[in-house]
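The figures here come from the full heavy-atom set of this structure, side chains too, leaving out hydrogens, waters and symmetry mates. On a predicted model such as this, the values are computed, not experimentally measured, just so you know.
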Amino acid sequence: MADPRGFLKVRERELPAKRPVPVRLLDYKEINTTMSKSAFVAQAGRCMDCGIPFCQQGCPLGNYIPEWNDAMWRDELPRAVELLHATNNFPEFTGRACPAPCESSCTLGINQPAVTIKNIEVTIVDRGFEEGLITPFVPERISGQTVAVVGSGPAGLAAAQQLTRAGHTVVVYEREDRIGGLLRYGIPDFKLEKHHIDRRIAQMEAEGTRFRTRTELGVDVSWEALDERFDAVLVCTGATVPRDLPIPGRELRGIEFAMDYLTPANKHVAGDEVPFIDAAGKHVVIIGGGDTGSDCLGTALRQGAASVTTLAIGKQPPRTRSESEPWPLTPRLFEVSTSHEEGGERTFLASTVSFVDDGTGQVRALEVAETGFVDGRRVPLPGTEREIPADLVLIAMGFTGPETAQLEAYGATLAGNRLHRGRDYSTDLPGVYVAGDAGRGQSLIVWAIAEGRAAAAEVDRYLTGSTLLPTPVAPADEGLTLAR
C-alpha cells in the first residue's frame with residue numbers, strides 16, 4: 001500500500017497549517033488551510049503495508065483506508081473518491097467533525113505518529129467536488145415503496161440517500177427550518193462550514209430525496225398519519241435531551257444548556273435575525289469538558305467574552321497511552337482542540353456545588369469544590385470550596401437520550417433512555433425502525449452514518465425481501481461493544 005518505504009522516509013506527521021488565532025477569532029470560517037500537493041502525497045505515502053489494517057477495525061464504517069491512501073499517493077483521485085464513498089456517504093462531515101478513532105488504531109502508531117487519515121479523507125472529498133467527480137446517483141428503477149425518515153442529522157441523511165438510491169421514494173422530515181440536524185445547528189461554522197451540507201442536500205435532491213422542514217412529528221403531523229402514508233418509517237431524531245445539573249441556584253437567570261446557546265448562535269452566523277445569547281463582555285463558565293463544551297468555548301471567544309472557564313469533574317487525562325488502553329484501542333488522552341488553542345482556562349477535578357445569586361435572580365458566580373473519590377463515586381470535598389465569577393453558565397454535560405413522549409404515546413417501547421430496537425434496527429411497532437443516537441444513545445457522527453447505512457439495508461430488506469445495500473461492520477445491538 002502506498003510507498004513501501006514511506007513510513008521510513010517520512011517519519012513526521014504533518015497537518016495543514018491553521019489560520020493564526022488572532023485572525024480566526026474575527027470570523028467563523030474554518031480554521032485549517034490546505035497543504036501543498038507534495039507534502040500531502042508524502043503523508044499518504046506513510047501508510048504502511050501492515051498486513052492487517054487495524055484502522056479499518058477502528059472505523060465504525062470500515063472505511064477502505066489503506067486503499068484510498070494508496071490511490072492518493074499514486075495521484076489517482078477518481079479511484080480514491082470511489083473507494084471513499086463505497087463505505088461513507090459524507091466523508092466531508094467525518095473528515096471535519098469525527099474524532100478519528102481510525103488514527104488511534106493505525107499500526108504506524110505503535111512507535112510513530114499515526115497516518116493523517118482524517119486530513120487525507122477530507123482532502124479527497126473536497127478535491128472530488130472541485131473536480132466534478134461527485135455527482136448525483138439517480139436510481140435506474142423506482143420500487144413504488146415509500147419511506148419516511150424522521151430527522152435530518154447524519155444518520156437520517158445517510159439512510160435517506162441509501163434508500164433513495166435503492167429506488168424507494170424517501171421523504172425526510174425535519175422540525176428545524178434547515179436540513180442537517182446537529183450538523184447544521186450543533187456544530188459551529190469554524191469546525192464545519194454549512195455550504196458543505198448544502199452541497200450534499202443539492203446532490204440528494206437531484207437523486208430524488210424529498211425534504212420537509214419545519215415539520216415536527218407528533219405536532220404538525222401525527223405518527224398515525226405517517227404510518228398510514230408510508231410503507232416504512234425510520235426514526236433518526238438523535239439524542240437531544242440534555243443532561244441537567246439540579247443543584248441549588250439552578251433556577252437563576254444566565255444558566256443555559258449548551259444547545260440553547262449554540263443553536264441560535266449558529267442561526268445568527270447564518271444571517272438569521274433571531275434572538276441569541278451574546279457572551280460579549282461576560283465571564284463565561286462552561287460545565288463539561290467534551291466536544292460540545294469546546295464548541296461553546298470557541299463561540300464565546302468569537303463573541304468577545306471577557307473570560308471563559310471550562311470545568312471538568314474528572315482528572316486531567318494523560319498525554320500518552322496508559323497501559324490499560326494499549327494499541328489498537330482508542331485511548332482517553334488529554335486533547336487540545338482548536339478552541340482550546342484560542343484561549344480560556346481549563347480546570348479539572350472541579351465539582352460544581354451551587355450557583356450563586358447576585359440578589360436579583362441572576363447568576364453571579366459558581367461555588368466549586370475539588371472532586372474527591374469516595375467508594376468509587378465522585379463527590380465534592382468539604383473545605384475546598386471557592387467561587388468562580390460567572391455572568392453566563394453553559395451546561396455542556398452531554399445528552400441523556402432522545403425525546404420519546406410522542407413515540408411512547410404512539411406505542412413505542414424504551415430500553416433505558418433509548419428507543420428499544422432489535423438487531424435489525426426494528427422497533428416494536430411494525431414497519432418502524434430506529435437508527436443513530438435515538439437508538440444507541442449519544443455517540444459519534446461516524447457511528448450515526450454507519451447506523452443510518454445499516455438501518456437502510458434492513459428497511460430495504462423489509463420492503464423488498466432482500467437487499468443489495470451494503471451493511472457496515474456491526475449490527476445494532478453489538479455496536480456499543482465494538483465502539484472502542
Side-chain angles (χ1 to χ4, degrees), residues 61 84-94 125 128-129 133-185 192 194-217 220-221 225-227 229-238 425 431-436 438 445 448-464 467-472:
L61 284 162
L84 190 60
H85 285 88
T87 56
N88 187 354
N89 296 71
F90 312 120
E92 66 273 34
F93 303 159
T94 53
V125 66
F129 271 113
L133 298 174
I134 302 173
T135 57
F137 183 90
V138 181
E140 295 181 354
R141 65 174 183 85
I142 300 300
S143 70
Q145 304 279 0
T146 58
V147 183
V149 176
V150 184
S152 69
L157 291 179
Q161 187 168 61
Q162 294 295 95
L163 288 165
T164 297
R165 290 175 173 181
H168 305 302
T169 300
V170 181
V171 181
V172 179
Y173 289 91
E174 170 58 52
R175 66 181 176 183
E176 280 286 358
D177 58 340
R178 294 182 178 91
I179 296 296
L182 289 184
L183 291 170
R184 173 77 65 177
Y185 289 134
L192 175 66
K194 301 310 178 275
H195 63 83
H196 299 295
I197 303 174
D198 297 335
R199 184 171 60 185
R200 278 296 180 183
I201 298 307
Q203 180 199 35
M204 293 178 66
E205 288 179 328
E207 293 173 348
T209 304
R210 305 172 186 179
F211 296 96
R212 302 287 184 267
T213 57
R214 303 179 189 272
T215 305
E216 184 172 357
L217 271 298
D220 302 302
V221 177
L226 202 71
D227 194 23
R229 177 180 174 187
F230 292 91
D231 297 307
V233 177
L234 179 57
V235 180
C236 300
T237 53
Y425 297 86
V432 179
Y433 291 73
V434 60
I445 178 176
I449 295 174
E451 290 214 355
R453 288 171 62 88
E458 297 299 339
V459 171
D460 185 38
R461 195 188 318 275
Y462 166 77
L463 294 174
T464 66
T467 184
L468 296 177
L469 292 175
T471 302

Might you point out which heavy atoms bring [X] and [Y] nearest each other, and give the distance in Å?
| X | Y | answer |
| --- | --- | --- |
| V172 | G151 | CG1-O, 3.9 Å |
| A455 | A435 | CB-CB, 3.6 Å |
| R214 | D220 | O-OD2, 3.6 Å |
| A456 | L469 | O-CD1, 3.8 Å |
| G431 | Y462 | CA-OH, 3.5 Å |
| T213 | I179 | CG2-CD1, 3.7 Å |

Given L226, V434, V221, T215, the one that forms side-chain contact (heavy atoms from CB on, under 4.5 Å) with V150: L226

Step-by-step side-chain contact (heavy atoms from CB on, under 4.5 Å) determination, L157 to M204: CA-CA 9 Å; L157 291 179; M204 293 178 66; 4.2 Å; yes

Working for side-chain contact (heavy atoms from CB on, under 4.5 Å), residues Y185 and D177: CA-CA 10 Å; Y185 289 134; D177 58 340; 2.6 Å; yes

Indicate yes or no: at least one non-hydrogen side-chain atom of [X] is less than 4.5 angstrom from one of [Y].
| X | Y | value |
| --- | --- | --- |
| S143 | H168 | yes |
| L133 | H85 | no |
| H196 | F129 | no |
| Q162 | P470 | yes |
| I134 | V125 | yes |
| V147 | L463 | yes |
| Y433 | V233 | no |
| L183 | P154 | yes |

[atom1]/[X] to [atom2]/[Y] distance, rounded to the nearest 0.5 angstrom?
| X | Y | atom1 | atom2 | result |
| --- | --- | --- | --- | --- |
| L234 | E458 | CG | CD | 11.0 Å |
| R178 | I197 | CZ | CD1 | 10.5 Å |
| I445 | L192 | CD1 | CG | 7.5 Å |

side-chain contact (heavy atoms from CB on, under 4.5 Å) between V170 and V149, intermediate numbers included: CA-CA 7 Å; V170 181; V149 176; 3.9 Å; yes

Any donor-acceptor N/O pair, T464 side chain to D460 backbone, under 3.5 Å: yes

Any donor-acceptor N/O pair, T146 side chain to T169 backbone, under 3.5 Å: no

Between F211 and Y173, ring centroids under 6.0 Å: no

Steps toward side-chain contact (heavy atoms from CB on, under 4.5 Å) verdict (Q161, F137): CA-CA 9 Å; Q161 187 168 61; F137 183 90; over 6 Å; no

E92 with R200: basic N within carboxylate O range, under 4.0 Å: yes

Under-4.0 Å salt bridge between R184 and E176: no

Please identify each residue that fulfils salt bridge (Lys or Arg N to Asp or Glu O under 4.0 Å) with [X], with sequence neighbours left out.
| X | result |
| --- | --- |
| R199 | D126 |
| R175 | E216, E403 |
| E174 | none |

Atom CG of L468: over 12 foreign heavy atoms under 6.0 Å: no

Result of checking R453, R165, Q203 against N89 for side-chain hydrogen bond (donor to acceptor under 3.5 Å, both in side chains): R453

